[in-house]
Amino acid sequence: MQAWWVTWRLALSLLLAGAVHALSFAPDPLPGWALSPLELITMAWLVHCVWRAPNALMAARRAWLFALAHFVVGLYWLTISMHTYGLMPLPLAILALTALSAFLALYASFAAAIAHKICTPQRSSATQTPAKLIVAALVWAAAWTLCEWLRGTLFTGFGWLNSGYAHIDSWLAGWAPVLGVYGVTFVAAFAAAALAAIVHSAQNTPTHQPKNALVGLLVLAAALSGWGLKQYTWTINHGQPLAVRLVQGDIEQDIKFTPSHIQNTIATHLKLAASPTPPGVPSPQLILLPETALAVFQHQLSPTVWNAWRALAAEQQSTLMMGAALFDRATSTYTNSVIGIDRTTPLEALTSGHTAMRYDKQHLVPFGEFVPWGFRWFVNLLAIPMGDFNRGSAHQLPFAVDDQYIAPNICYEDVFGEELLSALDVGSLAGAQQGATILANFSNLGWFGESWALRQHWQMARMRSLETSRPMLRATNTGMTGAIDQQGNTLASLPPHRAAVLDLSVQGQRGLTPYSSMGNLPVLLLVGLVLLGAFYRRDKRSAQ
């Protein structure tokens, strides 16, 4: 009975730690400063439990429990889209969320199994040394980072709730321009494992060993290095600041696509975009409207509507960028796109969808923009219109607005940091005079209500700005709409679920960070070297 209770108590502690861990990915209910420490502490408990497992299989089970609770709590907002807007029965929506979380948790299981198999601190203190603890912490960091990368890459990838995002407001975020979010993940996982190692050593060493403080000093050095990197300026100003207006229409998701409300939706966006500027604020040179601001295909709109947008661009002497679903009548294909409109844009280009400034979404959302093979039955359970969109090219030109170059991305494309890098590199853009100086995200998170999804997405956008040293503009339907500077700081934002506009100036940037130049390659090489080195060391010791 006692053994039974110990097993269940451990399982409950892992579930609780995983659920609390999910709170570290966006402010509210916790303040921003608390997110990083919370992630480290809860991760340290997972590492401690994995290291104390009798074998790799048990270690994998423990990590799976932790990650299951982590994803169920952190992604709870998926039930809102399935139940509230998709009309799926709530029990079935919860079951679908749990099934997805159970699958995603397998990546954490794999990481735990690798770490336990290659290097686990021994319970005996006789042979325990700081070097062995450091190696064990490095192996954990490498295994965890590898599996986070796999989760964000395989099967189109789902990098939401990557543990690196919890540290956007900590010193560890200084590593983002060098190694990207996976580099932050590596350093954070090492720090959490080092914390677990210090506790492990204290519990298993009968006499005080000051040498074990070396583990803590390494963590402090990594954090201080991150602080130092945050002080470095990676890019320089390009051109003059751009006067920007961001539009948040706050169109209810359950009426956004209904035919009787489409004209009202267009009128709302047009009215907001044409709002008078406050005293002392320059007229906007760029106006951004959210994803699917136009809720029908371009050829289904009256020319009167297109002429109204053209007239606004001419009156404001500005460029409009808006989300629109485009249909190509020649090929009978459609795309989720962003188009640019200025006073010179021909009407025929708008009605055909072949505008000079156009970006087609390249990373489509499974179940939202394409149906994975074998899952049509699941889609049929939802009352949400879905189809298979065409993917855009991996290399698309930024939009030139005055002396700035705007690189659009749509919806959760900004979760995939490496996929944004081609827009920054002049050499990869045939015919381009300049890579992107400003990033711009167009989203509609109205499917998820006023949930954590909005704030989690904002944190990830901040990480993209840090990685690339580029400001990020965000125009969303319900939130969060705002601007982020090249250091990942919030310049300004609108309250969610409020129809409003935000006027501000944004300074574009020129130059490349190490991450912008090399992407994820350096951190993957680091992970590979650590795992291969530790595996070789383990095999060599086993042969002796």
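A quick note: this is a predicted structure, and the numbers were derived from the prediction, not measured.
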Within the 4.5 Å heavy-atom criterion, are [X] and [Y] side-chain neighbours or not?
X	Y	value
Leu30	Asp28	no
Glu413	Tyr359	yes
Leu229	Trp171	no
Leu491	Ile484	no
Leu161	Leu75	yes
Phe399	Tyr405	no
Asn237	Arg510	no
Leu104	His70	no

Q) Listed by chain and number, what are the side-chain hydrogen bond (donor to acceptor under 3.5 Å, both in side chains) partners of Tyr182, not counting sequence neighbours? A) none
Q. Side chains of Ser516 and Thr513: do they bring a donor and an acceptor to under 3.5 Å?
A.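 Looking only at side-chain atoms, Thr513 and Ser516 do form a donor-acceptor pair, the distance falling under 3.5 Å.
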Q) Looking only at side chains, do Thr345 and Trp309 share a donor and an acceptor under 3.5 Å apart? A)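 Side chains of Thr345 and Trp309: no pair found under 3.5 Å.
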Q) Would Arg474 and Phe442 satisfy side-chain contact (heavy atoms from CB on, under 4.5 Å), going step by step from the backbone distance to the final call? A) CA-CA 6 Å; Arg474 300 191 77 239; Phe442 300 78; over 6 Å; no
Q: From the options Asp414, Asp169, Asn489, select the one residue that forms a side chain to side chain donor-acceptor pair (under 3.5 Å) with Arg462.
A: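 Considering Asp414, Asp169, Asn489, a side chain to side chain donor-acceptor pair (under 3.5 Å) with Arg462 is found only for Asp169.
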Between [X] and [Y] (side chain of the first, backbone of the second, donor and acceptor by atom type, cut-off under 3.5 Å), is there such a pair?
X	Y	result
Gln248	Ala499	no
Gln285	Val244	no
Glu291	Ser337	no
Ser451	Phe448	yes
Arg310	Asp342	no
Asn441	Cys411	yes
Arg358	Gly353	yes
His354	Leu350	no
Gln396	Ser393	yes
Trp234	Glu467	no

Might you point out which heavy atoms bring [X] and [Y] nearest each other, and give the distance in Å?
X	Y	result
Gly159	Tyr165	O-CE1, 3.7 Å
Gln486	Gln509	NE2-NE2, 3.6 Å
Val296	Gln300	CB-OE1, 3.4 Å
Thr156	His363	O-NE2, 2.6 Å
Pro522	Gly519	CD-O, 3.4 Å
Ala26	Gln456	CB-N, 3.7 Å

Q) Passes side chain to side chain donor-acceptor pair (under 3.5 Å), Thr185 versus Trp144? Steps please. A) CA-CA 8 Å; Thr185 297; Trp144 187 263; over 6 Å; no
When rounded to the nearest 0.5 angstrom, what is the spacing between [atom1] in [X] and [atom2] in [Y]?
X	Y	atom1	atom2	result
Arg245	Leu473	CZ	CG	14.0 Å
Asn409	Met472	CG	CE	5.0 Å
His395	Leu397	NE2	CG	11.0 Å
Leu524	Thr145	CG	OG1	9.5 Å
Trp33	Leu38	CH2	CG	10.0 Å
Glu39	Ser170	CD	OG	9.5 Å

Q | Stepwise side chain to side chain donor-acceptor pair (under 3.5 Å) check, Thr437 with Gln404 | A | CA-CA 6 Å; Thr437 59; Gln404 299 297 335; 2.7 Å; yes
Between [X] and [Y] (judged by ring centroids, cut-off 6.0 Å), do the two rings come close enough to count as a pair?
X	Y	result
Tyr334	Phe297	yes
Phe327	His299	yes
His457	Trp160	yes
His21	Phe71	no

Q: Step by step, work out the side chain to side chain donor-acceptor pair (under 3.5 Å) result for Asn444 and Thr478.
A: CA-CA 7 Å; Asn444 174 27; Thr478 58; 5.1 Å; no
Q. Is there a side-chain contact (heavy atoms from CB on, under 4.5 Å) between Thr468 and Leu512 once you walk through the steps?
A. CA-CA 7 Å; Thr468 60; Leu512 297 178; over 6 Å; no
Q) Quick one: side chain to side chain donor-acceptor pair (under 3.5 Å) pairs with a partner in residues 270-281, sequence neighbours left out? A)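 Applying side chain to side chain donor-acceptor pair (under 3.5 Å) to every pair that reaches into residues 270-281, excluding sequence neighbours, yields nothing.
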I'd like a table of donor-acceptor pairs (distance under 3.5 Å, sequence neighbours excluded) in which one partner is a side-chain atom from residues 218-227, with atom names and distances.
from, atom 1, to, atom 2, distance (Å)
Ser225, OG, Ala221, O, 2.8

(Q) Evaluate Leu289 against Met321 for side-chain contact (heavy atoms from CB on, under 4.5 Å), listing each step before the verdict. (A) CA-CA 6 Å; Leu289 296 103; Met321 293 175 65; over 6 Å; no
Q.
Does Thr304 form a side chain to side chain donor-acceptor pair (under 3.5 Å) with Asn307? I'd like the steps, not just the answer.
A. CA-CA 5 Å; Thr304 304; Asn307 283 329; 5.8 Å; no
Q: Apply the test side-chain contact (heavy atoms from CB on, under 4.5 Å) to residues Leu445 and Thr476: give CA-CA distance (whole Å), side-chain angles for both, the deciding distance (0.1 Å), then the verdict.
A: CA-CA 7 Å; Leu445 297 182; Thr476 71; 5.9 Å; no
